[in-house]
Amino acid sequence: MTSDEKAREAGQDFIRDIIRADLEAGRHKGVVTRFPPEPNGYLHIGHAKSICLNFGVAEEFGGRCHLRFDDTNPTREEQEYIDAIERDVRWLGFDWGKHLYHASDYFEQLYAWAEHLIRAGKAYVDDQSQEEMRASRGTLTEPGRNSPFRERTVEENLDLLRRMRAGEFPNGARVLRAKIDMGAGNINLRDPVLYRILHASHPRTGTAWSIYPSYDYAHGQSDAIEHITHSICTLEFEDHRPLYDWFIENLPVPSRPRQYEFARLNLTYTILSKRVLTELVRGGHVQGWDDPRMPTLAGLRRRGVPPAALRDFVKRIGVAKANSIVDMGLLEFSVREVLNRTALRRMAVLRPLKVVIENYPEGQTEELEAANHPDAPDAGARRIRFGREIFVERDDFMENPPKKFYRLSPGKEVRLRYAYFITCREVVKNAAGEVVELRCTYDPATRGGNAPDGRKVQATIHWVSAADSVPAEVRIYNQLFAKPDPDAGNFAADLNPNSLEVLADARLEPALAGDNASEPVQFERQGYFCRDPDSRPGHLVFNRTVGLRDTWAKVAKA
RNA sequence: UGGGGAAUAGUUCAACGGUAGAACAGCGGACUCUGACUCCGUUAAUCUAGGUUCGAAUCCUAGUUCCCCAGCCA
């Protein structure tokens, strides 16, 4: 596909409309975007929306997208996060090529521009304490007051800034502020801070600096240095745009980027806030950043969500300026959509119920053929061993079934997938009255699953051989939060106590012990699963990525 | 009560003065060796009130509701 074709196929959101118009008007030769994470946490699905937008737009319009770390605050940034972010962006399917940058790459230039602003009388060093600054900033409805240090001479400001840089003052002693308008309705324009003193070691610049630029001061100028054409960010930065523009207009920057804002992603039953996700990890509410219940890319990956599903999801939700909350069900749809096409089929019994086939000769076994993917003959088939004793799913048997229950019950005949028709003859219970075993008979004429006499069964159920299946632990994940709109301010109260369900006694068909560990599989009639890295020889662990759509569950509930 | 934004089916997004459309969800049906997949059908929306216009979701006016901003976080 040529880039013209790609551009035509590009989505129809307002960002792409703007870019299309800019290109047609000749305002830019090409489009350059950037994804600018701060390395203070792991990326989550909300970032995936931004990554797909920035990299997607660049690709569609034949431009490029930079990965730039917004590493201006060494007190909360770590190398671990830098590594994780690079890994996650790559995993999502995007490549920044040689365009890996850091705001810290520009510290020297940013500093030079700070002196430039001082010389132009547009910045000054303020000695007020943090409390004094807060008090003089005014409120949402009242204007602020000018700092008593606002009219220092250029020489004094230059001297103080240089000594700030040299590390002569303790943290918090002074800041460099832009001289804009303490009476502005937009609080971001009330002499914002450009530099603060931070005696902290930076992952990249070490202890070379004792002052660090603020986001507002660093971001736009970094964009300009990289010749970013469209600087796409989220809605909360909308009222920073006048400040973004002020710096660009008052500094001799090499290009003229423009900022555009879109609504960040919100998803039901989860919280997309780095602060909350960090607390979930640090507070031990989850096992780590890659806990499969986490909406982090690392968590989704471990859960078995394919990157293609995330990209599909992002395409479906669109890009707009209205705050919204996307139904988690839509993500699940995208996951099933991709996995249904790609995942090989296997049989696994999550909650085993033993079945003895009374008329099947003792000691005899045989091999039956099962398709790896019924809709994709190219995927081939594997052979599975059948014998006198098998396991079926407990949920597939009911002693006193309601009318619409098609599966096994006393006297009822069903098909064992790829095997035989069996009929339930007897129910064996323990002293507590619990069903512990089913005695069934099979029809040898139905080998492979078809009756020569053409008779039908209402249900086909999955099974595994008792002798040949392998034990496994299966982890079922439910929503991390019990409410569709958990309170980020008090998230612990809304946690779902049943977000993790461990099934310790599952039985898998043996192929699953040998299959390529990273491949997703469908456990027939149940859902999509993947092997968890916790697996060890002799102890397999599988994660449920997402269940199959379950119409029966709805019928049963009604 | 300052500044900045946003309001269209249950949800998310289109429609850019000319028949309000899609996806997901829902409902009904067909098919089926997965109660899956697939296919068919179907319910369902322009925040309110005025105005401009032959014609308004779209333009104007007034209002309503919701979101963001008072870090030396990003």
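We name chains A, B, ... by the order of the sequence lines, and we start the count at 1 in each one. Only a predicted model underlies this, so the values are computations on that prediction, with no experimental measurement involved.
At least one side-chain nitrogen or oxygen of Arg134(A) sits closer than 4.0 Å to the OP1 or OP2 atom of G71(B). Here Thr75(A) does not reach the OP1 or OP2 of C73(B): none of its side-chain N or O atoms lies under 4.0 Å away. Not one side-chain nitrogen or oxygen of Thr141(A) sits closer than 4.0 Å to the OP1 or OP2 atom of G3(B). A close approach under 4.0 Å does not occur between any side-chain nitrogen or oxygen of Asn188(A) and OP1 or OP2 of C69(B). The side chain of Arg137(A) contributes an N or O atom lying less than 4.0 Å from OP1 or OP2 of G71(B). Residue Arg196(A) has a polar side-chain atom (N or O) positioned under 4.0 Å from OP1 or OP2 of A74(B). Neither OP1 nor OP2 of U34(B) sits under 4.0 Å from any side-chain N or O of Arg549(A). For Lys554(A) and C27(B), the shortest distance from a side-chain N or O to OP1 or OP2 is below 4.0 Å. Contact annotation: Arg341(A) side-chain N/O to C37(B) OP1/OP2 distance is not under 4.0 Å.
The aromatic ring centroids of Trp552(A) and Tyr406(A) lie 6.0 Å or more from each other. Residues Phe542(A) and Phe523(A) bring their aromatic ring centres within 6.0 Å. Proximity of the aromatic rings of Phe237(A) and Tyr215(A) is defined here by a centroid distance below 6.0 angstrom, and this criterion is met.
Side-chain N/O atoms of His240(A) and base N/O atoms of A74(B) include a donor-acceptor pair closer than 3.5 Å. Not a single donor-acceptor contact under 3.5 angstrom links the side-chain atoms of Asp550(A) to the base of G35(B). Counting atom types as modelled, Asp13(A) pairs no side-chain N or O with a base atom of C13(B) as donor and acceptor under 3.5 Å. Judged by atom type and distance alone, Gln522(A) reaches the base of U34(B) through a side-chain donor-acceptor pair under 3.5 Å.
Spacing between atom CG of Leu235(A) and atom C1' of C68(B) amounts to 8 Å, rounded to whole angstrom units. One atom, CZ of Phe262(A), and another, C1' of G5(B), lie 15 Å apart when rounded to the nearest Å. Per the geometry, CD1 belonging to Ile317(A) stands 21 Å off P belonging to A22(B), to the nearest Å. Arg190(A) has its CZ atom 7 Å from the C1' atom of A70(B), to the nearest Å.
Base-pair partner of G2(B): C69(B) (Watson-Crick or G-U wobble, both distances under 3.5 Å). Here A62(B) sits opposite U48(B) as a Watson-Crick or G-U wobble pair (both hydrogen-bonding atom distances under 3.5 Å). Remark: U34(B) base-pairs with no nucleotide in the shown strands. Criterion, Watson-Crick or G-U wobble with two distances under 3.5 Å. Remark: U11(B) base-pairs with A23(B); criterion is Watson-Crick or G-U wobble with both hydrogen-bond distances under 3.5 Å.
Heavy-atom distances to RNA chain B give each of Pro213(A) and Gln458(A) a nearest nucleotide, and the one nearer the 5′ end belongs to Gln458(A). Mapping Asn186(A) and Glu77(A) onto RNA chain B by nearest heavy atom places Asn186(A) closer to the 5' end of the strand.
In this structure G71(B) sits in the syn conformation; its chi angle is within 90° of 0.
Considering only the side chain of Thr460(A), U34(B) comes nearest among C24(B), U34(B), A74(B).
Between Phe386(A) and Tyr442(A), the ring planes are tilted. Angles from 30° to 60° get that label. Classification of the Tyr42(A)-Trp289(A) ring pair by plane angle, with boundaries at 30° and 60°, yields parallel.
Checking Trp113(A), Phe247(A), Tyr244(A) one by one against Tyr217(A), the ring pair (Phe, Tyr, Trp, His ring centres under 6.0 Å) holds for a single residue, Phe247(A).
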